[in-house]
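Counting starts at 1 for both ligands and their atoms, following the listed order. Residues: numbered from 1 along the sequence shown.
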Amino acid sequence: MPVDPWGRRVDYLRLSVTDRCNFRCAYCLPPAFADFAPSEEVLSDKELVRLVSVFAGMGFRRLRVTGGEPLVRPGITGLMSEFSRLSGLEDVSLSTNGSLLAGLAGALRRAGLKRVNISMDTLDPARFAGITRNGRFADAWAGVEASLAAGLSPVKLNIVVARGFNEGEIPDFVELTKTRPLHVRFIELMPMGETGFFSEERRVPLEEMLCLAGPLEPVRPEAAPEGAGPARVYRRPGAVGTVGFITAMSCGFCDACNRVRLTACGMLHPCLDDSAGVDLRGPLRAGAGGPELRALVAGALSRKPEGHRMLERAAAGGNPRFMCQTGG
Ligand code: SAM
Ligand code: SF4
């Protein structure tokens, strides 16, 4: 298994299959954003499968397909099926905004998908339309129900928490876990891209989220739902689902980092906060073989930083890349 210079085992690839999205979430993209990569710059299905197989051959065991919105990529079900069949990968998962999931959950399950994370920042339809700028809550919720019905497990709900917007809904999300097998994950707001949304005042730190969540008991790592990664996982006593916190800004998130990110255009970023990246598309299109591609991945890993510098960056305007460009 690959190990970085800080002794962390890195076996988790987060792959953006498109930078495009049918939403414009206020913390992720500006309202009129249209500066998406031209289609010829985006990796083809064949190129994506080839690169993922290089990672799998190096000991990467887990793949998360993300974006942009991965379900807007044509042929996504077939692509997921190819990823699921790659030898060496033990876990293939998906992050989605849920809007197109109701019609695809069954097909994705049959294609080998086992679990899913759905972004759902609010349970209020008007607020949902506001934060996503054009999304319908009913569509995303239908995606949640279809995922449960299709047997995807665990089904996690990702909630980016922003003061003045949805921190008051934290107890409602925790309540959902009491009777439904849903695993809610409260995500601390991060300064990604010039969206104009991030501010220190809007960021709700871990201690405050914990207070708002009410009584919770810690869940041992071996009892946490699959793919807990750097999330701190808790449970409301007696609840079916769990409650997690992903707090990249507040606390020692980087100690447990096990991941790298590959963009839809083939740039490999060893850290969410990395801006340079290592280009895999150029060498791939120039005919690079497995050893050359593996050496490029190993080189990127060798410069994986010990920790991100997002707090310092926040003071200076944030990371210049939008989350949908890096792959969330
Ligand atoms: N479109 C899919 C979705 O929304 O789940 C996948 C891509 S999205 C970029 C992946 C995750 O990044 C989502 O959970 C989203 O809420 C999160 N995200 C985007 N911008 C963020 C920010 N500025 N701070 C924290 N999380 C962010
Ligand atoms: Fe699209 Fe996901 Fe970004 Fe929202 S968070 S704009 S759904 S990529």
Side-chain angles (χ1 to χ4, degrees), residues 14-36 64-73 76 93-101 104 115-122 128-137 139-140 143-144 147 155-163 165-166 173 183-200 202-206 209 227 229-231 244-250 253 259 261-264 269 272-273 308 310-311 313-314 317-328:
R14 291 180 77 108
L15 172 68
S16 171
V17 294
T18 178
D19 60 345
R20 289 171 188 267
C21 189
N22 52 347
F23 285 3
R24 295 286 182 281
C25 298
Y27 48 75
C28 184
L29 279 178
F33 186 84
D35 192 15
F36 296 112
R64 173 169 295 277
V65 173
T66 180
E69 173 47 41
L71 299 188
V72 304
R73 180 171 172 124
I76 185 67
S93 57
L94 174 76
S95 283
T96 170
N97 64 28
S99 60
L100 303 171
L101 192 54
L104 287 171
R115 58 194 187 90
V116 68
N117 286 20
I118 303 167
S119 291
M120 167 109 13
D121 300 324
T122 169
F128 189 91
I131 195 79
T132 60
R133 297 208 175 96
N134 55 7
R136 272 176 27 105
F137 174 77
D139 295 341
V144 174
S147 299
V155 175
K156 297 184 188 169
L157 302 187
N158 283 352
I159 303 131
V160 174
V161 180
R163 193 183 311 286
F165 165 61
N166 61 353
F173 278 108
H183 303 273
V184 301
R185 295 288 176 264
F186 297 110
I187 301 177
E188 198 176 19
L189 186 62
M190 295 182 286
M192 299 296 295
E194 287 172 15
T195 60
F197 190 81
F198 180 89
S199 69
E200 266 303 294
R202 274 217 170 107
R203 182 169 75 85
V204 182
L206 175 66
M209 288 200 251
F245 299 87
I246 300 177
T247 50
M249 305 289 282
S250 301
F253 172 82
R259 59 203 58 192
R261 291 165 201 264
L262 183 62
T263 73
H269 294 285
L272 179 60
D273 192 32
H308 68 69
M310 285 196 278
L311 272 173
R313 274 185 189 273
N319 189 305
R321 278 176 306 118
F322 295 107
M323 194 73 153
C324 80
Q325 294 174 319
T326 311

- Item | Options Y27, F198, F197, ranked by nearest heavy atom to atom 15 (C) of ligand 1, top entry |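 Minimum heavy-atom distance to atom 15 (C) of ligand 1 goes to Y27.
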- Task: Would you mind finding which of R14, M190, K156 brings a heavy atom closest to atom 22 (C) of ligand 1?
- Result: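 Going through R14, M190, K156 one by one, M190 has the nearest heavy atom to atom 22 (C) of ligand 1.
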- Message: So for ligand 1, is S95 a polar contact partner (N or O within less than 3.5 Å, distance only)?
- Response: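 Not met; the criterion fails.
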- Could you tell me whether S119 and ligand 1 have an N or O pair separated by under 3.5 Å?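 Yes, S119 has an N/O under 3.5 Å of an N/O on ligand 1.
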Report the nearest protein non-hydrogen atom to [atom]: residue, atom name, distance rounded to 0.1 Å.
atom: atom 10 (C) of ligand 1; value: G328 CA, 3.6 Å
atom: atom 12 (O) of ligand 1; value: M323 CE, 3.7 Å
atom: atom 26 (N) of ligand 1; value: V160 CG2, 3.6 Å

Ligand-residue contact atoms, ligand 1 with [X], heavy atoms, under 4.0 Å:
X: G67; value: 7 (C), 9 (C)
X: T66; value: 6 (C), 7 (C)
X: E69; value: 1 (N), 2 (C)
X: E188; value: 25 (C)

Distance only, no hydrogens: is a donor on one side chain within 3.5 Å (strictly under) of an acceptor on the other, for [X] and [Y]?
X: N22; Y: N97; answer: yes
X: T66; Y: R14; answer: no
X: R261; Y: S16; answer: no

- Query: Relative to each other, are the rings of F186 and F173 parallel, tilted or perpendicular (30° and 60° limits)?
  - Reply: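 Ring orientation, 0 to 90° scale: perpendicular.
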- Query: How about atom 1 (Fe) of ligand 2, which protein N, O or S atoms come within less than 2.8 Å?
  - Reply: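 Short answer, with waters excluded from the count: C21 SG.
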- Any non-hydrogen atom of C21 lying under 4.0 Å from ligand 1?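 It does not; every heavy atom stays at 4.0 Å or beyond.
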- Query: Can G68 be said to touch ligand 1, with heavy atoms closer than 4.0 Å?
  - Reply: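 Contact present.
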- Task: Please state which part of T96 comes within less than 4.0 Å of ligand 1, counting heavy atoms only: side chain, backbone, both or neither.
- Result: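 Just the backbone.
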- Item | CD1-OG1 distance between I118 and T96, expressed to the nearest 0.5 angstrom |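 Between I118 CD1 and T96 OG1, I get 7.0 Å after rounding to 0.5 Å.
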- Just do the salt bridge (Lys or Arg N to Asp or Glu O under 4.0 Å) check on E69 and R20 with the steps written out, would you? CA-CA 6 Å; E69 173 47 41; R20 289 171 188 267; over 6 Å; no
